There are 2 protein chains.
Amino acid sequence: MITKRMEDYLRVIYEILHYNGSVRIKDIASKLNVKPSSVVEMLEKLNDLGLIIYKKREFIKLTKKGEEIAKGLKIKNEFIVRFLKLLGVSHKTAIEDAHKMEHILSKETLDRIKDFILYVETCPKPIPEWLKNFRFFCKYKKRLRCKECY
Amino acid sequence: MITKRMEDYLRVIYEILHYNGSVRIKDIASKLNVKPSSVVEMLEKLNDLGLIIYKKREFIKLTKKGEEIAKGLKIKNEFIVRFLKLLGVSHKTAIEDAHKMEHILSKETLDRIKDFILYVETCPKPIPEWLKNFRFFCKYKKRLRCKECY
DNA sequence: AACGAATTTTAGGATAACCTATTTATTTTC
DNA sequence: GAAAATAAATAGGTTATCCTAAAATTCGTT
């Protein structure tokens, strides 16, 4: 069974790998705010589960399976961030909340989130009128007349 | 520090209390899919934190503080469920996902969710055109012309 | 009021995370 | 190339949550 925390580690390993070319234990530790010894412990588990290849004092690699999971999380995460930002959530908070949401949302909810993004982004206008009005509403708690529904 | 799991217990106690008038350990256990012995252990912790009043073989009561937390969770939960349903998520999934989301969402995201609900519900039409169109889009993956943006 | 069933409590363990302190290995610098 | 600095690994603990099995208590029925 892959736990939420294992997912966190996989995502972080994936990110560092793609940013740096290689992963060091202390980097994982600092990204996740844990001590290196905790990282080593988790690396052993992930290795035993066939999600990474970890041998003492050697470079860490993701296996096919591990990489797939990490990539899936990253994609999920990006959708959630985009969604929250459409909703008017700030960049910083969107990222924070997305990291928590990516572990727990059902496929169904995630599909609706994707649909929502696509719906907004396929609008002929750069930002749909209703979304502009919603943003205004968030800021001033006042509804603008909207052509469509009045 | 109140953990997510403590929050789960508080919410369940609150719900059973308002549904039944009194709470029994086995009911909490079955709602949370744990064994009664685990419940007892948690009740002791919640009691020590001043969130409930629990004495062996007596009725369980929520303290002021415990009740506030539980009520807060319930309200959060209800907002999230409403929001997910606006997005087209099914009732069952909305409830499941909301129970997970209620522990983790930031105030900011929750505020945007509340705004979204209010924005939709204060529309002069019972369902805004764009939302109707979005629902259609979810189902058929096809955009309807929308007056406002074309 | 007593017996059996249901419920609650206790005792003793398990697991997944985390930690600190220490040891071992590698890398850098003189 | 050896000492100092950095990084990684190990050993031994902690905490939150869960469990099973057994003991204690209460409840419901006769």
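To find a chain, count down the sequence lines: A is the first, B the second, and so on, and within it residues start at 1. Worth knowing before you read on, the calculation uses all heavy atoms, side chains too, and leaves out hydrogens, waters and symmetry mates. All figures in this text were calculated on a predicted structure; none of them were measured in a lab.
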**Item:** Phosphate contact (C:dT15 OP1 or OP2) by A:Lys45 side-chain N/O below 4.0 Å
**Value:** no
note: A:Lys4, atom NZ; D:dA16, atom C1'; distance rounded to Å ~ 15 Å
In numerical order, the residues of residues 8-27 of chain B whose heavy atoms come under 4.0 Å of DNA chain C are B:Arg24, B:Ile25, B:Lys26
Closest non-hydrogen atoms of B:Leu86 and B:Leu131, given as atom of the first, atom of the second and distance, are O-CD1, 3.7 Å
Of the listed D:dT10, D:dT17, C:dA17, the closest approach to the A:Arg5 side chain comes from C:dA17
To the nearest angstrom, the NZ-P distance between B:Lys56 and D:dT26 comes to 10 Å
Distance col, row B:Leu32:CG vs B:Arg11:CZ, nearest 0.5 angstrom, shows 7.5 Å
Here the distance between atom P of D:dA16 and atom CG of B:Leu46, to the nearest Å, is 12 Å
Connected to B:Val81, directly or through other members, by ILVMFWY side-chain contacts below 4.5 Å are B:Ile95
Rounded to whole Å, CD of B:Glu58 lies from P of D:dT25 at a distance of 14 Å
To the nearest angstrom, the CG-C1' distance between A:Leu49 and C:dT15 comes to 14 Å
Nearest heavy-atom contact between B:Met101 and A:Ile104 is N-CD1, 3.9 Å
**Message:** Under 4.5 Å between side-chain heavy atoms, counting indirect links through other Ile/Leu/Val/Met/Phe/Trp/Tyr residues: same cluster for B:Phe136 and A:Leu118 or not?
**Reply:** no
**Prompt:** Are side-chain heavy atoms of A:Phe59 and A:Ile53 found at a separation under 4.5 Å?
**Reply:** no
Check: B:Phe79 ring centroid to B:Phe83 ring centroid under 6.0 Å: no
Here the distance between atom C1' of D:dA7 and atom OH of A:Tyr54, to the nearest Å, is 11 Å
Whole-Å distance, A:Leu43 CG to C:dC18 P, equals 11 Å
B/S/- along nucleotides 19-25 of chain C (protein heavy atoms under 4.0 Å) is BB---BS
Atom CD of A:Glu44 and atom C1' of D:dA11 are separated, to the nearest Å, by 12 Å
Which of D:dA9, D:dA16, C:dA17 is nearest the side chain of A:Met42? It is C:dA17
From the list A:Trp130, A:Phe137, A:Tyr140, ring pair (Phe, Tyr, Trp, His ring centres under 6.0 Å) partner of B:Tyr119 resolves to A:Phe137
query = Just by distance, with hydrogens left out, do A:Asp8 and A:His103 show a side-chain donor and acceptor under 3.5 Å apart?
reply = yes
